[in-house]
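Whatever order the structure lists them in is the order used to number ligands and atoms, beginning at 1.
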Amino acid sequence: MNATDVMDLKIDRPTTDIDRAGERPRPLIDPFARAITYLRVSVTDRCDLRCVYCMAENMTFLPKADLLTLEELDRLCSAFVAKGVRKLRMTGGEPLVRRGVMTLFRSLSRHLQSGALDELTLTTNGTQLPKYAAELKDLGVRRINVSLDTLDADKFRAITRWGDLHKVLEGIDAAQAAGLQVKINAVALKGVNDDEIPSLLSWAHGRGMDLTLIEVMPLGDIGEERRIDQYLPLSMVRTRLSERFTLEDIDYRTGGPARFVRVKETGGRLGLITPLTHNFCESCNRVRLTCTGTLYMCLGQEDAADLRAPLRASETNDPLYAAIDEAIRHKPKGHDFVIDRRHKRPALGRHMSVTGG
Ligand code: SAM
Ligand code: SF4
């Protein structure tokens, strides 16, 4: 066990402004009048899988010593809660492979109890859910996103490079048995799972789970794979699905970029996240924190601010609040992703697992 691991095992929680009644700093409003109320936190860049659209097979991960400790992540998240963030999503990499991550959930759950936070949640590949689902539910997590692109075990192994579909299905069973509401996220991949989307939809809805489809985004070097070969516009998927299902536009929103339709035949909801065919930035309410304390104002832009230095500079949160305010002043209007044959390189060098998908 190294020094980081030892520190990670227990959170000796510092008192933050959110713990002291009546001392709320200013809320976060960006230059385009969008209130920032949603923080996604990549608690680790590591993962037990290597999905072909997300990572190269031989990824170099951050040295453990570069990671913020769980205490520091707690303090940063709590500073955002004090500044009006109402929803926290833990992601990664695979959030449930970070050692001691449940102590972070446990500590952050105090903001649910105090009413300062509406939702504490996570996006996971599901492999560790048999171990953690019940504890997550006990800590106040209500809904989770599980990423699953196929129900075919061989395809699953090919997409994730070595994953075992059975483990993920067990994880979903455990989550539902614990009373967690599960939403399935699937990346639409040309020639890989496009033929399977109708059955994935029927399966998810049959188990009372919403399904959200995501267009592949040009983030990070993925080795030999080519985005243009993976990219499948959801406008096409929707047209094909309409031949089999009746899709009715509905107003339902989760505070995220997905637009939802109701599938008349199943009664379930289908979400569509279309960063490429339809830009979703105008209503963006979120920022993203990496496991090293870098705040990204947009998934698809380079604008970033270092919060680790102000965090470590002082035991009080004032320098941190000032750095957060300054960062939000630079939140860009939106991204400009494009995938075509002329753009052979990723739009951005960093992987989704760094910024937190
Ligand atoms: N490991 C967890 C998981 O897979 O759910 C959380 C992190 S993962 C980066 C979050 C989401 O990002 C997953 O649903 C994954 O499918 C998606 N993702 C990763 N790389 C992507 C890319 N290049 N384009 C679109 N979605 C991507
Ligand atoms: Fe891991 Fe999630 Fe990326 Fe797949 S999408 S490699 S599970 S971080």
Below 4.0 angstrom from a heavy atom of [X], which ligand 1 atoms are there? Numbered from 1 as shown, please.
| X | value |
| --- | --- |
| Thr91 | 6 (C), 7 (C) |
| Val216 | 24 (N), 25 (C) |
| Cys54 | 19 (C), 20 (N) |
| Gly92 | 7 (C), 9 (C) |
| Val187 | 16 (O), 26 (N) |
| Thr124 | 2 (C), 3 (C), 5 (O) |

Does ligand 2 have an atom that lies less than 4.0 angstrom from a heavy atom of Ser147?
->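 Contact absent.
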Taking distance alone, with N or O pairs closer than 3.5 Å, would you say [X] contacts ligand 1?
| X | answer |
| --- | --- |
| Gly93 | yes |
| Ser147 | yes |
| Ile214 | no |
| Asp149 | no |

Any side-chain heavy atom of Tyr53 sitting closer than 4.5 Å to one from Ile159?
->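 Yes. Closest side-chain heavy atoms under 4.5 Å.
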Any side-chain heavy atom of Leu76 sitting closer than 4.5 Å to one from Leu68?
->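 Contact flag for Leu76/Leu68 side chains = yes.
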side-chain hydrogen bond (donor to acceptor under 3.5 Å, both in side chains) partner of Tyr38, the single match among Glu119, Arg286, Arg288, Arg89 =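 Checked Glu119, Arg286, Arg288, Arg89 against Tyr38; only one passes side-chain hydrogen bond (donor to acceptor under 3.5 Å, both in side chains): Arg89.
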Going by the side-chain contact (heavy atoms from CB on, under 4.5 Å) test, name the single residue among Arg143, Lys183, Gln181 that passes it with Asp210.
->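 Filter result, single survivor: Lys183.
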Scan Asn185, Leu122, Val168, Leu180 and name whichever one has a side-chain contact (heavy atoms from CB on, under 4.5 Å) with Val146.
->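 Single side-chain contact (heavy atoms from CB on, under 4.5 Å) partner of Val146 among Asn185, Leu122, Val168, Leu180: Val168.
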Between Glu265 (side chain) and Thr246 (backbone), is there a donor-acceptor pair under 3.5 Å?
->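 Yes: the side chain of Glu265 pairs with the backbone of Thr246.
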Ser42 touching ligand 1 at heavy-atom level, < 4.0 angstrom =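 The answer is no: ligand 1 sits nowhere under 4.0 Å from a heavy atom of Ser42.
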Compute the minimum heavy-atom distance from Glu215 to ligand 1 and say whether it is under 4.0 Å.
->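 Yes, that is the case, since the closest heavy atom of the residue is under 4.0 Å from the ligand.
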Does the pair [X]/[Y] count as a salt bridge with the N-to-O cut at 4.0 Å?
| X | Y | result |
| --- | --- | --- |
| Lys331 | Asp30 | no |
| Arg106 | Asp74 | no |
| Arg312 | Glu72 | yes |

Has Cys54 got an N/O/S atom less than 2.8 Å from atom 3 (Fe) of ligand 2?
->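 Checking atom 3 (Fe) of ligand 2 against Cys54, an N, O or S atom does fall under 2.8 Å.
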Would Leu272 and Phe260 show up in the same hydrophobic cluster when neighbours are defined by side-chain heavy atoms closer than 4.5 Å?
->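 Each belongs to a different hydrophobic cluster.
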N, O or S from Cys47 under 2.8 Å to atom 1 (Fe) of ligand 2 =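 Cys47 does place an N, O or S atom closer than 2.8 Å to atom 1 (Fe) of ligand 2.
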With a 4.0 Å heavy-atom cut-off (strictly under), which part of Thr123 contacts ligand 1: side chain, backbone, both or neither?
->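 Both of them.
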